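This report concerns only the one structure given below.
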Amino acid sequence: FPSHDTTEARLLGSIAFAYHEVSPDSTVYYADQTIALSEKLGYKWGIAKGKSVKSIAIYLRMNYDEAVLLNDEALKLYTELGNEEGLAAVYNNLAIINHDRGMYNQALIYNQRAMQMRERIKDWKGVAASYNNIANVYFDLGDYTKSLVNHFKGLALRERYDHKSAIASSFANISAI
């Protein structure tokens, strides 16, 4: 691939992700551009990234079935590429979707998969987030002991890496139990 073309696809994917919390419509727009350019280039990573990021916006619109489909497509591509960072992101997306659907056991399975990938690639911020997500599932299951155990594990990692806003989030979650 000419490097400037794949760089453009990567930048579009980054822009799409940057909008995911503030403008789902912009996320979809830039994710679609990422996917289109990457398909033209035969750039599997870009296609997977675009679908994974687009799924977040689609999920926020509460279109869970389409979000799952996009994640399944991204999962296949990331698996072919052996991209553990991408796999972790997709497993995390699927965990959140299943949690919101009340499919708690499936959410726990996907959270565990995301955490395993994040541990392998030493993404400690992501591992801490996975502990938090697992704790939230246990909270909704009414297992407050397991919820607290996981929140404290996540908090310990967040303190270890001095992630201040996440530390505050952990304390807020713990105090809610």
Side-chain angles (χ1 to χ4, degrees), residues 9-10 12-39 43-81 83-119 121 123 125-144 146-147 150-151 154 166 169-170 172-173 176-177:
R10 285 180 176 268
L12 287 168
S14 294
I15 292 168
F17 184 76
Y19 276 112
H20 83 277
E21 290 182 349
V22 294
S23 177
D25 290 340
S26 295
T27 296
V28 170
Y29 174 79
Y30 286 107
D32 283 342
Q33 286 192 11
T34 304
I35 294 164
L37 176 59
S38 297
E39 285 176 341
Y43 184 43
K44 288 182 181 182
W45 183 92
I47 299 166
K49 177 72 171 181
K51 289 179 184 262
S52 175
V53 172
K54 182 177 179 177
S55 78
I56 298 168
I58 299 303
Y59 152 78
L60 291 171
R61 292 178 177 169
M62 300 180 75
N63 187 341
Y64 299 134
D65 292 337
E66 184 180 351
V68 168
L69 178 64
L70 287 164
N71 278 295
D72 286 344
E73 292 169 355
L75 187 66
K76 181 181 177 199
L77 292 167
Y78 281 135
T79 300
E80 288 174 16
L81 295 168
N83 185 308
E84 291 184 329
E85 182 180 357
L87 288 167
V90 171
Y91 287 139
N92 186 69
N93 291 348
L94 290 166
I96 292 169
I97 293 166
N98 280 285
H99 184 190
D100 281 3
R101 289 174 127 174
M103 300 168 67
Y104 300 124
N105 290 331
Q106 201 63 28
L108 288 171
I109 290 168
Y110 283 123
N111 275 312
Q112 289 294 336
R113 288 179 185 168
M115 184 183 299
Q116 289 168 354
M117 294 286 169
R118 289 168 165 171
E119 287 173 337
I121 62 174
D123 172 12
K125 181 178 173 183
V127 172
S130 290
Y131 276 123
N132 184 69
N133 292 343
I134 290 167
N136 290 336
V137 174
Y138 280 123
F139 179 85
D140 287 345
L141 285 168
D143 192 334
Y144 305 120
K146 285 184 180 177
S147 181
N150 282 282
H151 274 307
S169 176
S170 286
N173 287 331
I177 297 176

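Quick caveat, the model's predicted, so the values are computed rather than measured. One is the number of the first residue; the rest follow in order along the sequence.
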- [ ] Look at the side chain of Asn92 and the backbone N and O of Ala88, then say whether any donor-acceptor pair between them is shorter than 3.5 Å.
- [x] no
Open item on the list: So does Gly13 get a backbone contact from the side chain of Thr34, meaning a donor-acceptor N/O pair under 3.5 Å?
Closed with: yes
Task: Tyr104 ring center within less than 6.0 Å of His99 ring center - done: yes
TODO: May I ask you to check if Lys49 and Phe17 form a cation-pi contact, with NZ or CZ under 6.0 angstrom from the six-membered ring centre and within 45° of the axis?
DONE: yes
I'd like to check [X] versus [Y] (side-chain heavy atoms, cut-off strictly below 4.5 Å). Are they in contact?
X: Gln33; Y: Ile15; answer: no
X: Asn83; Y: Leu87; answer: no
X: Ile97; Y: Asn71; answer: yes
X: Leu141; Y: Leu108; answer: yes

Task: Polar side chain donor-acceptor pair, Asp100 to Tyr59, under 3.5 angstrom - done: yes
TODO: Kindly determine whether Arg118 and Tyr91 satisfy side-chain hydrogen bond (donor to acceptor under 3.5 Å, both in side chains), including the steps that lead there.
DONE: CA-CA 10 Å; Arg118 289 168 165 171; Tyr91 287 139; over 6 Å; no
- [ ] Taking all heavy atoms of Ser147 and all of Ala135, pick out the closest pair and write down the distance.
- [x] OG-O, 2.9 Å
TODO: Please round to the nearest 0.5 Å and tell me the distance separating atom OG of Ser52 and atom CD1 of Ile47.
DONE: 13.5 Å
Open item on the list: Heavy-atom count check: over 12 atoms from other residues, nucleotides or ligands less than 6.0 Å from Glu85 CD?
Closed with: no
Open item on the list: Quick check on Tyr29: does its OH atom have over 12 non-hydrogen neighbours (other residues, nucleotides or ligands) under 6.0 Å away?
Closed with: no
